[in-house]
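Report on the following structure.
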Amino acid sequence: MTATPELSPTEVPQRQPIRDIVAYFLRLGTIGFGGPVALVGQMERELVGGKAWVTRQEMRDAIAVSQSLPGPLAIQVGIFIAYMRGGFWGAWAGGWAFILPNFGIVAALGALYVYFGGLNWMTAIFYGVSPAVIALILHSCWRLAKLGMEDWPQWVVAAVCFVVTIWLQAEVAVLFIGAGILGILYYGSLFRGGFPGIGLFAAAAAPVAIDTKEPTAGILSSLLAFFLKAGSLTFGSGLVIVPFLEKGLVQQYGWLNGREFLVAVAVGMLSPGPVVITATFVGYLVAGFWGSLVSTIGIFLPSFILILVVAPILVRHRANPNVQGFVKGAYAAAIGTILGACVLLGKIAIGDWLTVLIGLGSLAALFFVPRLSNPLLIAATAVIGLIAFPLLQPGWVFVK
C-alpha cells in the first residue's frame with residue numbers, strides 16, 4: 001500500500017468518519033509500545049506523513065498544548081487529534097478506543113497476578129525491554145524535534161528545561177507555562193497591537209492553580225477520587241505520576257506494598273499505551289474488575305475534559321501570532337523535559353553491560369531499519385530478558 005503524501009501547509013485535512021477514528025486508535029492502543037513519546041512519534045509518522053489526517057502545524061499544536069496540561073501526553077494528543085478530525089463525539093470515541101486495548105491487557109494481567117500469587121517472569125521482561133523503551137523515547141524525540149524545532153530560541157528553551165528536569169529530577173509544570181509565555185513575548189504580537197491570546201493561556205494555566213478487597217462502594221469511591229486527583233494534578237509522563245502514586249497507594253492508603261507497586265509500574269511500562277495504565281492494574285489488585293474499571297476512568301477522565309476545553313480555543317485562534325508563540329515555546333519545553341526525563345529513566349532501566357548493549361542496539365535498529373515495528377522490537381528484547389535474567393541474576397533490577 002502506498003502512503004498518502006503529507007499535506008502541504010495550505011491544504012485543510014478532511015473530517016474523518018468516527019468509525020475510522022475508532023479503528024485507528026484501537027489499533028494504536030493494541031500495538032503502541034514505548035511510552036508516551038514513542039506513541040506520539042508513531043502518531044506523527046502515521047497521521048502526518050501516512051494517512052495525512054493532520055498537518056505538521058496541527059501536530060505541533062496538539063503536542064504543545066497537551067504537554068502544558070496535567071495528564072498523560074499520548075492520550076491527550078490522541079484526543080486532540082480525534083477532536084480535530086471527528087469533533088466532540090469523535091474525541092470521546094477515539095480517546096476511549098485508544099484506552100480500551102490497554103485496559104483489557106492490563107486488567108487480564110492483574111487477574112493473572114492475583115490468581116497465581118505473583119508474576120516473577122515480569123521482572124525478567126522488564127530487564128530486557130526497559131533499555132529498548134529508552135531507545136524508543138530517544139528516537140521519537142528526534143522525530144518530534146525535526147517536526148517542530150525551528151530556530152535557536154527554541155533550542156535555548158529546550159536546553160534550560162533539560163537541565164532543570166535533571167537537576168530537580170522531575171518534570172516541572174511551570175516550565176511549560178513559562179516557556180509558552182516567553183514564546184508569546186518573542187514570537188507573538190503582544191507589544192505590536194495584536195490580540196494577546198489570553199484565552200489559550202488562561203485555559204492552559206488554570207489547572208496549575210490548583211490481596212483484593214471486596215469492591216464495596218466505599219473502596220470504589222476512594223479509588224475513583226484518588227485517580228481523578230492523580231489525573232488532574234500530575235504533569236508529564238511516568239516520571240511524575242509514579243512518585244505521586246507511590247505516596248498515595250503505599251504510604252497513605254496502604255492498598256499495596258512496595259513490591260506490588262513496582263510490579264504495577266512495570267506492567268504499565270511494558271504494556272502498550274501510557275505508563276498511567278498502571279492505574280488499571282492497581283485497581284484490580286485493590287478491588288478486582290470493578291476497581292480496575294473505576295481507576296481507569298478516574299485517571300483518564302480529566303484528560304478528556306481538559307482537552308475538550310482547550311482544543312476549541314486553540315482551533316478558533318490558531319492563526320493568531322500569540323497563540324503560535326505560546327505553542328512554539330511550550331513545544332520547546334516539551335522537547336527539553338522529554339530528554340531530561342529520558343536521562344532519569346535511563347538510570348532505572350540501564351544498570352549493566354547487557355542493558356547498555358540492548359539500548360544501543362535498539363537505537364541503532366530504529367535509525368537504520370526504517371520498517372522495524374515497535375512491537376517486534378519489544379518482543380525481541382523481552383525474549384532477551386527472559387533468557388538472560390536467570391543467567392545473570394542482576395540484583396539492581398527493581399532496586400535502582
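Values in this document were obtained by computation on a predicted structure and should not be read as measured data.
- Donor-acceptor pairing under 3.5 Å is lacking for the side chains of Y186 and D151.
- Both F226 and L220 are assigned to one and the same hydrophobic cluster, defined by single-linkage of ILVMFWY side chains at heavy-atom distances under 4.5 Å.
- Taking the side chain as every heavy atom from C-beta outward, Y127 and L354 approach each other to under 4.5 Å.
- L391 and I125 fall into different hydrophobic clusters, where Ile, Leu, Val, Met, Phe, Trp and Tyr side chains are chained together by heavy-atom contacts under 4.5 Å.
- Interatomic distance, W96 CH2 to I297 CD1, rounded to the nearest 0.5 Å: 5.5 Å.
- Atom CH2 of W290 has 12 or fewer neighbouring heavy atoms from other residues, nucleotides or ligands inside a 6.0 Å radius.
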Point to revise | Stepwise side-chain contact (heavy atoms from CB on, under 4.5 Å) test for F88 and L308 | key: CA-CA 7 Å; F88 179 85; L308 291 175; 3.7 Å; yes
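- Pairing each heavy atom of Q154 with each of A332, the nearest pair is O-CB, 3.2 Å.
- With a 4.5 Å cut-off on side-chain heavy atoms, E46 and Y24 count as touching.
- Classified by interplanar angle (parallel below 30°, tilted 30° to 60°, perpendicular above 60°), the ring pair F98/F25 is tilted.
- Classified by interplanar angle (parallel below 30°, tilted 30° to 60°, perpendicular above 60°), the ring pair W142/H139 is tilted.
- Contact between V40 and M59 at its shortest, heavy atoms only, is O-CE, 3.6 Å.
- In plain terms, the two heavy atoms of F80 and S66 that are nearest each other are CD1-OG, 4.3 Å.
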